[in-house]
Protein chains: 2
Amino acid sequence: MGRNTLGTLEQAVMMVILALGDGAYGVAIRDELSRRTRREHTLGAVYTTLDRLTAKELLESYLGEPTPTRGGRAKRFFKLTGEGRQALDHAVNTRHELEYGLDLAGKGA
Amino acid sequence: MGRNTLGTLEQAVMMVILALGDGAYGVAIRDELSRRTRREHTLGAVYTTLDRLTAKELLESYLGEPTPTRGGRAKRFFKLTGEGRQALDHAVNTRHELEYGLDLAGKGA
DNA sequence: GCTATTTCTTCTACAAAGTAAGTTTATGGC
DNA sequence: GCCATAAACTTACTTTGTAGAAGAAATAGC
């Protein structure tokens with residue numbers, strides 16, 4: 001995709017990160033994504049998206065505390081950068097204008 | 001993009017076709033798209049998308065009357081198939097669930 | 001202080017979508 | 001005929017999306 005549009009998965013991932021607040025790390029993101037999407041996404045898909053968004057500086061990441069549960073590797077948490085927030089808002093607005101006046105399923109209000 | 005998700009442009013184009021009703025042909029679609037998106041899209045981008053959606057049987061096309069205007073090649077009009085309508089509705093619903101509970105710009109209602 | 005187990009991340013190769021920059025076909029008027 | 005206009009088509013390329021693993025880190029139990 002040319003310049004600066006966000007793909008559907010990219011947008012979805014960013015929204016899920018917002019929804020998760022703190023606690024947004026790879027596996028959790030995948031799970032919440034599956035929940036909201038009613039669809040399975042592999043971790044591979046999620047992480048590559050995460051990486052690409054980070055490379056574009058729309059996300060930033062930091063490593064979490066030593067794991068509290070059983071075994072496990074250190075979680076990497078993600079959040080939107082200011083730029084990321086802007087990009088998402090822009091995508092949402094664009095969508096809004098596209099949907100304007102149409103009667104679409106799920107547009108109950 | 002893997003199996004059956006619609007990309008952002010694909011969704012956008014389908015929405016614009018709905019918005020245009022009859023009168024949805026390449027150039028008109030591009031123009032309406034630019035209007036609603038506040039962004040220029042080349043015809044190349046639009047036509048390749050149109051073709052792909054047609055190939056996936058989400059759109060169907062038919063040729064219009066011999067051109068009424070100045071010069072020009074016969075217009076090709078597009079509309080959603082039943083399957084296309086379904087796919088779009090599904091995309092809209094998914095989006096809905098993703099946005100649920102978030103406070104996003106442009107989500108005024 | 002090993003080894004199995006759990007939890008999470010990283011890699012790699014490929015398929016699908018998006019874009020740009022042209023080319024082609026068809027009028028109509030001069 | 002030649003130029004301008006209006007539309008569609010083509011091609012080569014970049015960016016996103018996906019799958020299916022393999023790789024690391026931490027802990028528990030023994």
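Source: prediction; values computed, not measured. Order of the sequence lines sets the chain letters (A, B, ...), proteins ahead of strands, with each chain counted from 1.
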Rounded to whole Å, how long is the line connecting atom [atom1] of [X] with atom [atom2] of [N]?
X       : N      : atom1 : atom2 : answer
B:Glu10 : C:dA15 : CD    : C1'   : 13 Å
A:Asp51 : C:dC11 : CG    : P     : 8 Å
B:Gln11 : C:dA16 : CD    : P     : 18 Å
A:Lys75 : D:dA26 : NZ    : P     : 13 Å
A:Leu50 : D:dT16 : CG    : C1'   : 14 Å
A:Leu63 : D:dA24 : CG    : P     : 16 Å
A:Leu9  : D:dT15 : CG    : P     : 18 Å
B:Leu43 : C:dA20 : CG    : C1'   : 12 Å

Worksheet item: Do the side-chain N and O atoms of A:Arg95 and B:Gln11 include a donor-acceptor pair separated by under 3.5 angstrom?
Response: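 Indeed, the side chains of A:Arg95 and B:Gln11 share at least one donor-acceptor pair under 3.5 Å.
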Between B:Arg39 and A:Thr5, do the side chains contain an N or O donor and an N or O acceptor separated by less than 3.5 Å?
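A:Thr5 and B:Arg39 do have a side-chain donor-acceptor pair below 3.5 Å.
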Nearest of [options] to any side-chain atom of [X]?
X       : options                : answer
A:Thr8  : D:dT18, D:dG17, C:dT19 : D:dG17
B:Lys56 : C:dA17, D:dT18, C:dA20 : C:dA17
A:Thr48 : C:dA17, D:dG17, C:dT12 : C:dT12
A:Arg52 : D:dG17, C:dT19, C:dA17 : D:dG17

Distance check: side-chain N/O of [X] vs OP1/OP2 of [N], anything under 4.0 Å?
X       : N      : result
B:Thr49 : C:dT19 : no
B:Arg76 : C:dT25 : no
A:Thr42 : D:dG17 : no

Self-check item: Stretch residues 18-29 of chain A: residues that reach within less than 4.0 Å of DNA chain D through a heavy atom
Solution: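 Per residue number, the list is empty: none.
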Should the pair [X]-[Y] be classified as a salt bridge under the 4.0 Å nitrogen-to-oxygen rule?
X       : Y       : value
A:Lys56 : A:Asp51 : no
A:Arg35 : A:Asp31 : no
B:Glu40 : B:Arg30 : no

(message) Let's test your reading of the model: under 3.5 Å, does the base of C:dT6 pair with the side chain of A:Arg73 as donor and acceptor?
(response)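 Looking at the base of C:dT6, it does not pair with any donor or acceptor on the side chain of A:Arg73 (distance under 3.5 Å).
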- For the residue pair B:Tyr25 and B:Phe77, categorise the inter-ring angle as parallel (less than 30°), tilted (30 to 60°) or perpendicular (more than 60°).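 Perpendicular.
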Checklist entry - If you measure from CD on A:Glu97 to OG1 on B:Thr37, what distance do you get to the nearest 0.5 Å? => result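 Between atom CD of A:Glu97 and atom OG1 of B:Thr37 there are 8.0 Å.
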